[in-house]
Amino acid sequence: MSEFLLLPLSILPVLVIIAGLHDLTTMKIPNWISGLLFLAYFPAAFAMGVPLTTIGVSLALALLVLVVGAGMFAMKWLGGGDAKLIAASALWMGTAGILPLLLYTAMIGGGFCLLLMAARSQLQVFAMNGPGWVARLMQPKGDLPYGVAIAIGALLAYPSSPLVQAFAGA
């Protein structure tokens with residue numbers, strides 16, 4: 001029975017890894033990833049036996065994160081795909097995992113930004129010989145693919161989520 005439960009638990013890790021890699025290589029996160037992450041949460045939560053109240057609170061939290069993300073998008077602090085991805089990830093985290101998600105994402109994002117700034121100033125010559133996405137990533141004033149930080153933050157925070165906690169208690 002517990003082997004069956006590994007499938008719903010694998011949805012978030014698989015989709016955030018795809019989102020992070022896609023953002024890294026294209027600077028875009030397709031809507032289907034965040035949409036599937038959102039829709040897949042409900043059957044996964046029911047399969048794990050997460051209480052309806054926890055599901056409702058997780059949904060409210062995700063909507064709050066989406067509103068804040070939309071505001072950050074309007075101020076050009078965050079991409080639209082990033083705002084949708086972090087909101088969909090917040091749905092899976094619930095109250096127990098939301099703070100770790102946001103903290104890990106902020107720390108990873110800050111470190112990634114510093115690393116990318118250093119690489120852009122020191123390694124640009126090497127980037128020109130690599131694949132097109134590397135050259136695009138190394139543009140001196142280019143964007144930061146924040147989906148990478150969101151993906152890593154979600155993976156690190158996931159053990160705190162109600163779904164993983166329900167599995168651990170089963």
Side-chain angles (χ1 to χ4, degrees), residues 1-112 143-170:
M1 176 69 175
S2 62
E3 292 84 22
F4 166 75
L5 296 177
L6 291 176
L7 182 62
L9 279 181
S10 68
I11 294 169
L12 176 113
V14 167
L15 289 176
V16 297
I17 289 169
I18 291 169
L21 290 173
H22 204 279
D23 198 23
L24 181 67
T25 58
T26 67
M27 296 290 193
K28 290 181 175 63
I29 301 172
N31 286 334
W32 71 263
I33 296 173
S34 298
L36 187 55
L37 197 55
F38 178 83
L39 292 174
Y41 168 77
F42 298 100
F46 289 127
M48 301 308 294
V50 175
L52 280 176
T53 54
T54 302
I55 293 171
V57 169
S58 295
L59 182 58
L61 244 145
L63 290 173
L64 176 64
V65 170
L66 184 62
V67 168
V68 171
M72 293 174 76
F73 171 72
M75 297 164 95
K76 298 186 192 272
W77 293 349
L78 193 66
D82 300 324
K84 290 178 264 188
L85 180 63
I86 199 160
S89 297
L91 178 64
W92 287 73
M93 297 304 150
T95 56
I98 189 69
L99 230 56
L101 170 67
L102 297 176
L103 290 174
Y104 286 134
T105 298
M107 290 188 316
I108 299 295
F112 185 43
D143 290 334
L144 174 71
Y146 209 73
V148 173
I150 296 168
I152 295 170
L155 291 172
L156 291 173
Y158 196 38
S160 302
S161 77
L163 280 80
V164 174
Q165 292 301 311
F167 178 75

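Just so you know, residue 1 is the first one in the sequence shown, and it goes up from there. What you are looking at is a predicted structure, and each value in this text was computed from that prediction instead of being measured. Basis for what follows: all heavy atoms, side chains included, without hydrogens, waters or symmetry-related copies.
- Taking CG from Leu36 and CG from Asn31, the interatomic distance works out to 12.0 Å, rounded to the nearest 0.5 Å.
- Between Thr54 atom OG1 and Met48 atom CE the span is 13.0 Å, to the nearest 0.5 Å.
- Here the OG atom belonging to Ser58 is positioned 10.0 Å from the CE atom belonging to Met93, to the nearest 0.5 angstrom.
- Between Ile86 atom CD1 and Ile98 atom CD1 the span is 7.0 Å, to the nearest 0.5 Å.
- Put simply, CG on Leu91 and CG on Leu101 are 11.5 Å apart, with the number rounded to the nearest 0.5 Å.
- Two residues are said to be in side-chain contact when any heavy atoms from C-beta on lie closer than 4.5 Å; Phe38 and Leu59 meet this criterion.
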Legend entry - Step-by-step side chain to side chain contact (heavy atoms under 4.5 Å, CB included) determination, Val148 to Ile108: CA-CA 9 Å; Val148 173; Ile108 299 295; 5.7 Å; no
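- Annotation for Phe73: atom CZ does not count as buried by contact number, only 12 or fewer foreign heavy atoms lying within 6.0 Å.
- For the pair Leu163 and Ala44, the tightest heavy-atom approach, listed with the atom from each and the gap, is CD2-CB, 3.8 Å.
- Of all the heavy atoms in Ala83 and Leu66, the pair that sits closest is O-CD1, 4.1 Å.
- Contact annotation: the side chain of Ile55 approaches that of Tyr41 to within less than 4.5 Å [non-hydrogen atoms, C-beta and beyond].
- Here the CG atom belonging to Leu85 is positioned 11.5 Å from the OH atom belonging to Tyr146, to the nearest 0.5 angstrom.
- Contact between Ala40 and Pro43 at its shortest, heavy atoms only, is O-CD, 3.4 Å.
- Of all heavy-atom pairs between Ala87 and Ala62, the closest is O-CB, 3.4 Å.
- You'll find the side chain of Phe46 stays beyond 4.5 Å of the side chain of Pro8, heavy atoms only.
- Just one of Leu37, Ile152, Ile150 meets the side-chain contact (heavy atoms from CB on, under 4.5 Å) condition when paired with Val16; it is Leu37.
- Between Ser160 and Ala96, the closest heavy-atom pair is O-CB, 3.3 Å.
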Legend entry - Criterion side chain to side chain contact (heavy atoms under 4.5 Å, CB included) on Trp32 and Leu15, from CA distance to verdict: CA-CA 10 Å; Trp32 71 263; Leu15 289 176; 4.2 Å; yes
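- The heavy-atom pair separating Gly81 from Ser34 by the smallest distance is O-OG, 4.3 Å.
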